[in-house]
Amino acid sequence: METIIDSNVIIEPRWNLDNSYTTLPEAFYQSQKPTPVALPELVILNESLAESLGLEVDELKSEEGIEILAGNKLPEGSIPISQAYAGHQFGYFTMLGDGRAVLLGEQIKPQGGRYDIQLKGSGRTPYSRGGDGRAALGPMLREYIISEAMNALRIPTTRTLAVVKTGEDIVRDTRQPGAVMTRVAISHIRVGTFEYAAQWGSFEDLRELAEYSLERHFPDVESDGNPYLHLLQEVIKNQADLIAKWQLVGFVHGVMNTDNMTISGETIDYGPCAFMDTYDPETVFSSIDTHGRYAYGNQPYIAAWNLARLASALTPLLHNNQDQAVKLAEEAISNFNDLYKSNWLRGMLAKLGLFHKEEEDETLIQELLDIMHKHHADYTNTFRSLTIERPEDTVLFGTEEFTKWYEKWQNRLDKQEEPRDLAYQLMRNSNPSVIPRNHRVEEALEAAVKDGDYSVMKRLLDVLANPFAYSEKQDEYTRIPEASSCRYRTYCGT
Ligand code: AMP
Ligand code: MG
């Protein structure tokens, strides 16, 4: 079946698109329409997200709405483009760009706010290199589940508006059903976008990207300061906040290349990511991360390394004098560790029901982590057991170290002014009872992709939508599989 894109067709799902990215110099993008697909079928729509974007759910579900979500028609006001960027992938610098994505435009929400609407898996682009420009259904549904879980865990993230089956098979290791996903982001500007400008753009290109980013993300810059230093500092703050949140819930991104790090501080690119079960800083899921570069415990260091790449790209803007510029960049980067550490510490204190930091608290936290590591305790469930006052549920129970630690912690709780019930309330609000466990995610994907049964995924999404609820229906989702999923492997070829 041949479908023709006609950008003049006016459709009404209250799309309210702007295209501010196209005001940047042409080096930053290429005009690119999505490639039409054979037989679009909407498999999942994020209705609450649609509503918050000012989009009409029924319209999106209509034939025309689905044609838009599949890339067969353009919504009114769209100027479709693919974005150029570069990136350090596993430490090596390379030219990249949207190889399988098209930015339809920026949806302006009724209550204000600008959100990129991007189709992923929408066909080849000038940046596709050897790729087919397409995406498989399983990985797109996986991104839907995990990004929704992250959002519910109050972690900044891009989100998924919809997944549409294309009716076309694609070839990976095996033949798989193809899909197009609609990704919603505060923006898709990456550390790699700045690296691209610094490497291949003019000074003016770099300056315009920095100005655009400031205006879009950090508009409250002081006029008498150094705006570009401010930009760097704000991105560092965003990332120090984000990475601490990842660590606190045991999220392993898996592919923290600089093209997968946003300047907005949203988590982006759910390829080989997964949540850690057993506490181990060396946890790696990605099959291609053979040296553990992106292991759980390395994430803060890698974030700092990536931010140093951003700082380096921005140096020409920081000061006329190169030495001064480098000094400013280094000072900004050296702040990351302190910012990260204090965010993480605050989060850890809350996980233990502590309102204010005392001298001995860092040791208290580290001791617990060490005991968990030694006894292969489940990260999420250990904190959950402490929260619901059932220490006997953890594998640590009965060990001498844990008995001692528990007593120490109880004494520490007694010492603080805030009453116990408030402390446990704080813990309930800080320790998720459910996370998207790998075996549960796989089970949901298998039912959806193999059998076309989306009920398992919907139930999982329902439970993950309120990770701090501690409701009865969540209980079965807290169980870990028999042989734990520590050997769980994730793959990049999505
Ligand atoms: P990722 O590993 O998803 O961050 O992707 C790295 C780069 O490869 C980005 O430039 C992607 O656009 C590109 N890419 C990934 N998959 C494909 C594909 N199937 N076809 C074309 N480009 C792709
Ligand atoms: Mg990427």
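When a ligand or atom number is given, it counts from 1 through the structure's own listing order. Keep in mind that what you see is a predicted model, and the values were worked out from it rather than measured.
Screening residues 115-163 for ring pair (Phe, Tyr, Trp, His ring centres under 6.0 Å) gives no qualifying pairs among residues at least two apart or on separate chains. The list of ring pair (Phe, Tyr, Trp, His ring centres under 6.0 Å) pairs with a residue in residues 233-270, not counting sequence neighbours, reads Trp246-Phe251, Trp246-His253, Phe251-Phe275.
Counted by atom type alone, Ser264 and Ser187 present zero donor-acceptor pairs between their side chains at under 3.5 Å.
Looking at Glu266 and Arg159, no side-chain N of the basic residue comes within less than 4.0 Å of a carboxylate O on the acidic one, giving no salt bridge. Between Asp98 and Arg124 there is no salt bridge, since no side-chain nitrogen of the basic residue lies less than 4.0 Å from a carboxylate oxygen of the acidic one. By the 4.0 Å N-to-carboxylate-O rule, Arg190 lies too far from Asp259 to be salt-bridged with it. Salt bridge Asp241/Lys237: absent, no basic N to carboxylate O contact under 4.0 Å. Ion pairing between a basic and an acidic side chain is recognised when a charged N comes within 4.0 Å of a carboxylate O; Asp18 and Arg114 show such pairing. One finds no salt bridge joining Asp453 and Lys458 here, because no Lys/Arg side-chain nitrogen approaches an Asp/Glu carboxylate oxygen to under 4.0 Å. With salt bridges taken as basic N to acidic carboxylate O contacts below 4.0 Å, one links Lys61 and Glu47.
Taking every non-hydrogen atom of Asp259 and a distance limit under 4.0 Å, the qualifying atoms of ligand 1 come out as 4 (O). Close contacts between ligand 1 and Gly133 involve ligand atoms 18 (C), 19 (N), 20 (N), 21 (C) [criterion: under 4.0 Å to a heavy atom]. Contact atoms of ligand 1 toward Asn260: 4 (O) (distance under 4.0 Å to a heavy atom of the residue). Shown in contact with Gly131 at under 4.0 Å from a heavy atom are these atoms of ligand 1, numbered in order with element: 20 (N), 21 (C). Close approach of ligand 1 to Asp269 is summarised as follows: ligand atoms under 4.0 Å from at least one heavy atom of the residue are 1 (P), 3 (O), 4 (O). Near Arg134, meaning under 4.0 Å from one of its heavy atoms, ligand 1 places the atoms 19 (N).
Note: no N/O pair closer than 3.5 Å links Val255 and ligand 1 by distance alone. The N/O atoms of Leu96, backbone and side chain alike, include none that comes under 3.5 Å of an N/O atom in ligand 1.
Contact analysis puts Gly97 in contact with ligand 1, with a non-hydrogen atom separation below 4.0 angstrom. Judged by the shortest distance from any of its heavy atoms, Arg172 lies inside the 4.0 Å radius around the atoms of ligand 1.
Under 4.0 Å from ligand 1, the heavy atoms of Asp98 that appear belong solely to its backbone. With a 4.0 Å heavy-atom cut-off, ligand 1 is reached by no atom of Tyr127.
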Less than 3.5 Å apart, which donor and acceptor atoms pair up between the side chains of residues 82-96 and the rest of the protein, not counting sequence neighbours?
unit_1 : atom_1 : unit_2 : atom_2 : d
Ser82  : OG     : Ala101 : O      : 2.9
Tyr85  : OH     : Gly97  : O      : 3.3
His88  : ND1    : Glu195 : OE2    : 2.5

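Only protein N, O or S atoms were considered, and those under 2.8 Å from the Mg ion (ligand 2) are Asn260 OD1, Asp269 OD2.
In this structure, Arg154 forms a cation-pi arrangement with Phe468, its terminal cationic atom sitting closer than 6.0 Å to the ring centre and no more than 45° off the ring axis.
Across Lys120, Arg190, Arg129, Gln89, heavy-atom proximity to atom 13 (C) of ligand 1 is greatest for Arg129.
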